[in-house]
Amino acid sequence: MKLYYHPLSTYSQKTLIAFHEKGIAFEPELVTLMTPEGRAAYTAIYPLCKIPLLKPSDDWMVPESSIIIEYLEDKFPGTPRLIPVAGGDTTRQVRFMDRMADLYLNDPVRELTLQKVGFRAPDEEAAAVARNTIRVTYDHLDKRLSGQEWLCGEFSMADCAAIPPLFYAQIVAPFADRPHLQRYWERAQRRPSYARVMQEFVPIWEDMQAGSAAAE
C-alpha cells in the first residue's frame, strides 16, 4: 500500500496523522512537484497531480485526504476510529468539521503561506479574503474548543484536518489571542501522531526558510 505525499503538504500531513493514529503501515512515496521532472513523473501516475494519493494496489487509487481516511476506516475496522460508527449527529459533526477545516482554515492559510514564501504572486485582494475567512474560522474554533480538548470531543478526522494548517497559520495569521485555540495547538504538538509528522516536515521547512533568508 503506497502513499504518495510530500512532508510540507498539509493534506499529506492530515493523512499521515490518520495512519499514525491507527498504526497502519504503508510504503511512503515522496512526490516532488517543484521540478518539471518530478511533476511529469507524478502526472503519469495521477493526471490531476494532487497529493496525497493512496494506491492499495497497482490498479487501484484512492485520492483526496478525507476519502483516504474513510477508506482506512472501512478497511481496518480494528484500529482506533476517527469517524464515529454510531452515525447521526456525532458522525455528521466530524464530517462537517473536517470540511470546515479543509475549506475555511487550510485553504486560506495556504493562500497566505504561498504568497509569503513567494510561490504565488502577491495578491492583496485574495489575501484580504483569506484573512477574513480565517478570522471567522478562528472565532468558531475558539468557541467550540472552550469546553472540550478536541474539535468533536474525542480525537477524530476533524482534528487530523485542523492541526496541520495551524503550523503555518501561526506564521501568517497568528492566533495567540484565541486562548482555547492556542491551547489546542499546544496540545496537538504533544499528540504522538502529529509529533511524528513534525519530525519529518519541520526540518525541511526550516531549511527552506534558511535558504530563502540567505538569498535575500
Side-chain angles (χ1 to χ4, degrees), residues 1-34 38-39 41-42 45-46 48-57 60-83 94-95 97-103 105-107 109-110 113-114 117 119 149-152 154-171 184-209:
M1 184 162 60
K2 294 182 180 180
L3 179 67
Y4 293 83
Y5 77 105
H6 191 280
L8 293 179
S9 158
T10 47
Y11 286 119
S12 293
Q13 292 174 24
K14 171 182 172 179
T15 306
L16 289 168
I17 293 171
F19 268 100
H20 298 330
E21 286 285 330
K22 289 177 163 294
I24 298 171
F26 63 92
E27 181 181 347
E29 289 284 344
L30 190 65
V31 175
T32 303
L33 298 178
M34 300 305 297
R39 180 170 287 272
Y42 185 57
I45 296 169
Y46 185 42
L48 289 179
C49 206
K50 294 179 64 178
I51 52 175
L53 173 72
L54 183 66
K55 288 196 72 175
S57 62
W60 189 13
M61 298 189 301
V62 183
E64 304 295 334
S65 57
S66 296
I67 304 305
I68 292 172
I69 296 174
E70 295 262 9
Y71 172 85
L72 297 179
E73 293 281 276
D74 289 341
K75 297 300 181 181
F76 299 90
T79 61
R81 298 290 304 181
L82 296 172
I83 305 171
V94 168
R95 290 194 169 102
M97 291 305 300
D98 170 71
R99 303 312 305 133
M100 183 172 184
D102 281 355
L103 298 174
L105 179 62
N106 188 87
D107 287 358
V109 166
R110 181 174 181 270
T113 302
L114 290 177
V117 301
F119 290 166
E149 290 193 347
W150 305 110
L151 288 176
C152 297
E154 300 295 327
F155 193 92
S156 70
M157 179 171 67
D159 300 293
C160 295
I163 291 169
L166 290 178
F167 177 88
Y168 300 105
Q170 65 181 332
I171 301 167
Y184 174 78
W185 167 237
E186 293 167 359
R187 222 169 16 251
Q189 294 173 82
R190 298 192 295 269
R191 187 84 180 183
S193 58
Y194 183 57
R196 187 173 171 182
V197 172
M198 292 184 74
Q199 286 177 351
E200 182 178 16
F201 88 84
V202 170
I204 299 173
W205 171 258
E206 291 178 344
D207 287 346
M208 188 174 73
Q209 294 303 292

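The model shown is predicted, which means the values in this text are computed figures rather than measured ones.
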Under 3.5 Å: donor-acceptor pair, side chain of [X], backbone of [Y]:
X	Y	answer
Tyr4	Lys50	no
Glu21	Leu82	no
Asp159	Ser156	yes

Salt bridge [X]-[Y], side-chain N to carboxylate O under 4.0 Å:
X	Y	value
Glu27	Lys55	no
Arg81	Glu154	no
Asp102	Arg99	yes

How are the rings of Phe201 and Phe167 set relative to one another: parallel (under 30°), tilted (30 to 60°) or perpendicular (over 60°)?
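Perpendicular: the ring planes of Phe201 and Phe167 meet at over 60°.
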
With a 4.5 Å limit on heavy-atom distance, are the side chains of [X] and [Y] in contact?
X	Y	answer
Met1	Ile24	yes
Leu8	Ile204	yes
Val117	Trp205	yes
Arg95	Glu70	yes

Which residues pass the side chain to side chain contact (heavy atoms under 4.5 Å, CB included) test with Arg187, sequence neighbours left out?
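Counting only residues at least two positions away or on another chain, Arg187 forms a side chain to side chain contact (heavy atoms under 4.5 Å, CB included) with Glu149, Trp150, Arg183, Tyr184, Arg190.
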
What closest approach, in Å, do Arg39 and Leu33 show between heavy atoms, and which atom pair accounts for it?
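Looking at all heavy atoms of both residues, the closest pair is NE-O, 3.4 Å.
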
Shortest non-hydrogen contact from His6 toward Leu30
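Result for this residue pair: CA-CD1, 4.0 Å.
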
If you measure only the distance, is there a donor-acceptor pair under 3.5 Å linking the side chains of Ser193 and Lys22?
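No.
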
Do Tyr168 and Asn106 have a side chain donor and acceptor closer than 3.5 Å?
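No pair is found: no donor N or O on one side chain lies under 3.5 Å from an acceptor on the other.
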
Once rounded to the nearest 0.5 Å, what's the spacing between atom CD of Gln13 and atom SG of Cys160?
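Between atom CD of Gln13 and atom SG of Cys160 there are 11.5 Å.
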
